[in-house]
There are 2 protein chains.
Amino acid sequence: MAIDRDSVLNAAVGVLSRQPNAAMDEIARAAGVSRATLHRLFPGRDALVREVGALALRRFAQALDDARIDEGDAVAAVRRLVDAVIPLSQLCAFLTGESKLYEDTGINEAWDRLDARVRALFLRGQQEGAFRIELPAAWLSEAFLDLVAGVGWAVQDGRLAPRDSAHALAELFLGGATRRPAP
Amino acid sequence: MAIDRDSVLNAAVGVLSRQPNAAMDEIARAAGVSRATLHRLFPGRDALVREVGALALRRFAQALDDARIDEGDAVAAVRRLVDAVIPLSQLCAFLTGESKLYEDTGINEAWDRLDARVRALFLRGQQEGAFRIELPAAWLSEAFLDLVAGVGWAVQDGRLAPRDSAHALAELFLGGATRRPAP
DNA sequence: CCCATCTGAGACACAACTGTCTCATCAGTG
DNA sequence: CACTGATGAGACAGTTGTGTCTCAGATGGG
């Protein structure tokens, strides 16, 4: 039976989100395969990283679709987005680390497209009067994604319980992003 | 005249916060010195990174002192902390990236001590009734530092205006961390 | 049982980075 | 002007990771 590519990719995410410059040797060991097999599955390290990045971005885009962020109340949309994105927080941590490391045009463009979709959600929320207009939508998007990555790191290192993470992220972020009911 | 070590360190921060695994060659070029001089100033790459890390941690600790986070109203203390830490956001971005790359015991311990001080501030705020108790103080600290690093990256890449950064950080974070005046 | 296929272990050359060296050049000083 | 000290450029070996290869062993189907 051919070794499961997805399991290898998942193991690679686990290693690379902690150590973005991990060697193929470590990735192979973490995936439970030999270095030779890892090279048989992926043409090289760059290809592996790109594939992990593409996987992460695909799942992220799927999460945005699943959360239906263009529909209904913006605050509710953000809550759906949080729930959809929390399982991907480790992937998000990988992507934030990776985007600092490499200059892969494809990954960066896809990341920008995702960021634009999130930004549009916050812009819509501002236009609806739900989100504070004195905070730039770009900053809200940036901060949201930073916090998702932060959740990924915190959960990975055991500093945050996974079952608390969605609530912690949603409450902290929405508390800061939404307009106060009464000054 | 001996080349200014500090200017080299600052240049190193600029490069390493973007590319944590940048080569000595790139760091030297960014600092405007030759690779030979860089090696004359610092015994090696590890020493350089450690020194940059130590500098960042010292400045961070100094910022905590300057902000007098143990005194007075917790919310006001956080605002002072934001103002003191914003100029160091790039250093914070470096530290976050670096801690994922290396396992330098000294840096990690010092980072944990800083994190504990910040955590104590939020814990105090919760005990005073200013901060929401349903969010773990550890998460507040984690999120705060993630956002500071995020500010560093966003400013560095031109996605956030430096003069807006303190306000953006303080308002978003405090909005999420403080208890709502009335439900 | 035999065979096809896949996997793991190891060897190998190649590339990149590091750390050290030498030497020429340049600036400041007496 | 001569001299001292620091710097830049380049060469060099050593180390580490990569990519490819071969070969032996395991696994599963016919």
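Keep in mind it's a predicted model, so treat the numbers as computed, not measured.
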Can you give me the N/O atom pairs linking the protein to nucleotides 23-26 of chain C at distances under 3.5 Å, or say none if there are none?
none

Could you check whether the rings of A:F122 and A:F173 sit parallel, tilted or perpendicular, using 30° and 60° as the cut-offs? tilted
Residue set satisfying side-chain contact (heavy atoms from CB on, under 4.5 Å) with A:A61, at least two apart, ordered chain then number -> A:L114, A:R117
Using whole Å, what does the distance between atom C1' of nucleotide D:dT7 and atom CG of B:D4 come to? 15 Å
From CG of B:N21 across to C1' of D:dG17 the rounded distance in Å is 13 Å
Looking at the side chain of B:S34, which of C:dA9, D:dA9, C:dC17 is the nearest nucleotide? D:dA9
With sequence neighbours excluded, tell me which residues meet ring pair (Phe, Tyr, Trp, His ring centres under 6.0 Å) with A:F60. none
Let's see if you can work this out: which of C:dT20, C:dG8, D:dG8 has an atom nearest to the side-chain heavy atoms of B:T37? D:dG8
First of B:L38 and A:A22 reached from the 5' end of DNA chain D, by closest nucleotide: B:L38
Salt bridge between A:R18 and A:D157, side-chain N to carboxylate O under 4.0 Å? yes
Partners meeting side-chain contact (heavy atoms from CB on, under 4.5 Å) with B:N108 (sequence neighbours left out): B:S99
Applying side-chain contact (heavy atoms from CB on, under 4.5 Å), can you list everything that pairs with B:E98, at least two apart in sequence or on another chain? B:P20, B:V49, B:F94, B:L101, B:Y102
Once you round it to whole Å, what is the distance between C1' of D:dG8 and NE2 of B:H39? 14 Å
d(CG, A:D46; P, D:dG17) in whole Å: 16 Å
In whole angstrom, what separates B:M24's CE from D:dG10's P? 18 Å
Starting at CG of A:L41 and ending at C1' of D:dG19, how long is that distance when rounded to a whole Å? 15 Å
Side chain of B:A23 only, please: which of D:dT18, C:dG19, C:dC17 is the nearest? C:dC17
From the list D:dG19, C:dG8, D:dA11, which nucleotide is the closest neighbour of the side chain of B:R35? D:dA11
Residue list, salt bridge (Lys or Arg N to Asp or Glu O under 4.0 Å) with B:R35, at least two apart or on another chain: none
Residue A:A36, side-chain atoms from C-beta onward, closest of D:dT18, C:dG19, D:dC21: D:dC21
From CG of B:D25 across to C1' of C:dC17 the rounded distance in Å is 9 Å
Nearest-Å distance, CZ (A:R29) to P (D:dG17)? 10 Å
